[in-house]
Amino acid sequence: MRALLHPCLCLTLGALLLCGCDLSHGRPEKGSETLAPDEIVDFKILYAENCAGCHGTDGRGGPAIAVADPVYLAIADEAAMRKVIAQGVRRTSMPAFARSSGGMLTDKQIDVITTQIRARWGRPGILNGIEAPSYTAKSAGDAARGELAYQTYCESCHGAEGHGAQKGSAITDGAFLALVSDQGLRTVVIAGRPELNAPDWRGNMPGKPMSEQEITDVVAWLASKRARNPGQPYPAAQNPAAPGAR
């Protein structure tokens with residue numbers, strides 16, 4: 001007569017078989033799958049891989065402006081920041097990151113970077129009650145007036161004609177001006193570079209902030225120093241004489 005298995009034993013064996021399937025050799029654990037690059041929406045990963053190299057690991061600055069500067073974030077609104085991140089700035093060191101502009105990031109990833117920079121490092125109300133200059137210029141600049149404004153507000157740090165001094169770098173250097181747009185110059189004049197001890201528009205002369213027009217004029221003067229063909233000029237290569245030429 002055939003023996004019958006006890007019902008409890010059947011249940012135990014069934015549970016072991018099911019566990020064995022879930023823990024089979026080579027089967028990935030739940031949640032261990034590697035995300036595709038366009039599925040990553042973790043700000044820390046996106047910022048580290050796309051922004052930190054220029055703007056610093058904690059947004060405090062590197063070769064480029066500090067995006068964790070609350071004064072900068074108060075002046076540049078979210079739409080302006082998103083446009084720069086997505087589209088880049090032509091003829092400068094700021095590349096386009098959005099796929100629609102030839103980059104590698106999705107619109108959702110661009111949104112994460114933009115909103116999280118502001119949420120983590122902005123300080124709402126930091127400029128309340130202060131007549132701050134606009135992010136973009138409202139009028140045309142005048143280079144001649146800008147030279148006078150430069151001498152008043154900037155020369156003590158950046159030297160005569162912007163060639164550099166003990167306190168500040170050369171800002172009329174051809175290579176520097178080739179890598180920064182007029183808007184980039186304006187942003188730095190307004191927000192400063194706190195990580196480099198460069199003050200914002202209020203701190204160049206204590207008690208005398210730069211006016212909107214003075215900022216615009218200084219930028220015009222700096223832009224007028226931009227070389228058409230920056231960098232070290234190299235002599236044209238000499239073509240060897242054609243065979244038989246005398």
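Every heavy atom of this structure was used, including side-chain atoms; hydrogens, water molecules and symmetry mates were not. Owing to the predicted nature of the structure, the values given are computational and were not obtained by experimental measurement.
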Taking the basic N atoms (NZ, or NE/NH1/NH2) and the acidic carboxylate oxygens, is any pair closer than 4.0 Å for [X] and [Y]?
X: K225; Y: E161; result: yes
X: K44; Y: D42; result: no
X: R99; Y: D107; result: no

So, do W201 and Y135 have ring centers that fall under 6.0 Å from each other?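 No, the ring centres sit 6.0 Å or more apart.
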For the hydrophobic clusters of this structure (ILVMFWY residues joined by side-chain heavy atoms under 4.5 Å, transitively), does one cluster hold both [X] and [Y]?
X: Y72; Y: I126; value: yes
X: Y47; Y: M104; value: no
X: L179; Y: V89; value: no

May I ask you to check whether [X] and [Y] show a side-chain donor-acceptor distance below 3.5 Å?
X: T216; Y: R186; value: yes
X: E212; Y: S134; value: yes
X: Q183; Y: T136; value: no
X: E214; Y: Y153; value: yes

Any heavy-atom pair between the side chains of [Y] and [X] that's under 4.5 Å?
X: I190; Y: D200; result: no
X: L196; Y: P194; result: no
X: Q87; Y: F97; result: no
X: K138; Y: Q213; result: no
X: W221; Y: T172; result: yes
X: S181; Y: R91; result: no

Test side chain to side chain contact (heavy atoms under 4.5 Å, CB included) applied to L222 and I171, V188, D217, the passing residue: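 Checked I171, V188, D217 against L222; only one passes side chain to side chain contact (heavy atoms under 4.5 Å, CB included): I171.
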To the nearest 0.5 Å, tell me how far [X] [atom1] sits from [Y] [atom2].
X: L105; Y: D38; atom1: CG; atom2: CG; answer: 10.0 Å
X: L73; Y: I117; atom1: CG; atom2: CD1; answer: 7.5 Å
X: R82; Y: I113; atom1: CZ; atom2: CD1; answer: 10.0 Å
X: R193; Y: I65; atom1: CZ; atom2: CD1; answer: 6.5 Å
X: E147; Y: T152; atom1: CD; atom2: OG1; answer: 10.5 Å
X: K83; Y: I110; atom1: NZ; atom2: CD1; answer: 14.5 Å

Is the backbone N or O of [Y] less than 3.5 Å from a side-chain atom of [X], with the two atoms forming a donor-acceptor pair by type?
X: E39; Y: A36; value: yes
X: Q109; Y: I40; value: yes
X: R226; Y: L177; value: yes
X: S101; Y: G103; value: no

